[in-house]
Amino acid sequence: MVMAMATVQSEWFWIKKDPDAPTISDAAGFNRKNYPYVTDEKSFGLVDDNVAFYRYGGFFIECDFLFEPTFLIHDNLQSLFKLLEPELQFKGVQLYAARNPKTSATPLYWLPYLPTIAAVSEKSKIILGKPVKLILKSEQLEKKRVAHCKLPAADIWLLSLEAAECLLRRQPIGIVLEQVSLE
């Protein structure tokens with residue numbers, strides 16, 4: 001199935017972590033040099049497909065996105081993102097539980113790389129490098145369905161309305177989509 005390239009749409013959405021989503025902690029194997037909070041071309045080039053060990057508190061639920069230590073997309077959504085944005089590149093990260101690795105969940109996640117664009121408007125409300133109210137420059141989003149932006153303290157992944165609808169049909173766990181304004 002081939003999708004036509006999107007033009008700038010009137011609606012864009014920011015993929016944010018659901019505050020109620022469970023998180024993994026103490027992920028061994030995520031060297032901060034190779035897995036920085038925002039993956040750039042250099043750090044992506046240093047990483048190979050990898051294995052990492054995780055710890056979690058309580059019941060483990062495989063969220064469709066992880067935001068820490070870096071942005072990761074669950075295996076069941078990787079092909080959707082590749083379809084939506086053919087320029088996306090991926091490297092696999094297989095997670096194993098630090099305790100009981102033979103009987104615990106072993107989810108496969110993908111580290112995405114997409115060059116960042118300067119789409120964050122100066123009109124955005126930003127505090128300490130993190131966006132509070134995000135406003136985007138519409139001309140930077142032409143012919144895109146997925147966009148990646150960064151601020152000093154924020155890694156921002158964005159979806160066009162078309163892409164957000166495709167994602168929501170799969171009922172993702174662990175995220176909220178926040179509509180952003182365009183100028």
Does one hydrophobic cluster hold both [X] and [Y], with members joined at side-chain heavy-atom distances below 4.5 Å?
| X | Y | value |
| --- | --- | --- |
| Val132 | Leu128 | yes |
| Phe44 | Val38 | no |
| Ile135 | Trp12 | no |
| Leu108 | Leu88 | yes |
| Leu46 | Leu111 | no |

Counterpart residues, ring-ring contact (aromatic ring centres under 6.0 Å, His included), relative to Phe81 (two or more places apart)
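Checked Phe81 against ring-ring contact (aromatic ring centres under 6.0 Å, His included); matches are Phe65.
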Pairwise distance CD1(Ile73) to CG(Leu80) - rounded to 0.5 angstrom:
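Rounded to the nearest 0.5 Å, the CD1-CG separation comes to 9.0 Å.
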Separation of Ser124 OG from Leu136 CG (nearest 0.5 Å)
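If I round to the nearest 0.5 Å, the distance is 6.5 Å.
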For residues [X] and [Y], determine if any side-chain heavy atom of one lies less than 4.5 Å from a side-chain heavy atom of the other.
| X | Y | value |
| --- | --- | --- |
| Ile15 | Leu177 | yes |
| Ile117 | Lys144 | yes |
| Ile156 | Pro131 | yes |
| Asp64 | Ile175 | no |
| Leu158 | Leu134 | yes |
| Cys63 | Lys17 | no |
| Leu141 | Ser160 | no |

Classify the ring geometry between Trp157 and Phe71 as parallel (under 30°), tilted (30 to 60°) or perpendicular (over 60°).
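Because their plane-to-plane angle is under 30°, the rings of Trp157 and Phe71 count as parallel.
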Inspect the surroundings of NZ in Lys82 and state if more than 12 heavy atoms from other residues, nucleotides or ligands are less than 6.0 Å away.
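Result for NZ/Lys82: enclosed.
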Verify the neighbour count for atom CD of Glu183: are there more than 12 heavy atoms of other residues, nucleotides or ligands below 6.0 Å?
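For Glu183, atom CD is crowded (more than 12 foreign heavy atoms under 6.0 Å).
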[X] side chain vs [Y] backbone, donor-acceptor pair below 3.5 Å:
| X | Y | result |
| --- | --- | --- |
| Thr106 | Leu95 | no |
| Thr116 | His148 | no |
| Glu178 | Phe13 | no |

[X] and [Y]: which non-hydrogen atoms are nearest, and at how many Å?
| X | Y | value |
| --- | --- | --- |
| Tyr113 | Thr39 | CD1-O, 3.9 Å |
| Ala21 | Gly174 | CB-CA, 3.7 Å |
| Pro36 | Thr70 | O-OG1, 2.9 Å |
| Glu62 | Pro107 | OE1-CB, 3.3 Å |
| Tyr109 | Leu72 | CB-CB, 3.9 Å |
| Cys166 | Leu84 | SG-CD2, 4.2 Å |

Got a salt bridge between Lys137 and Glu122, using NZ or NE/NH1/NH2 to carboxylate O under 4.0 Å?
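Result for this pair is yes, salt bridge flagged.
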Let me know which of Glu87, Glu162, Glu85 forms a salt bridge (charged side-chain N to carboxylate O under 4.0 Å, His left out) with Arg145.
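Between Arg145 and the candidates, salt bridge (charged side-chain N to carboxylate O under 4.0 Å, His left out) is satisfied uniquely by Glu162.
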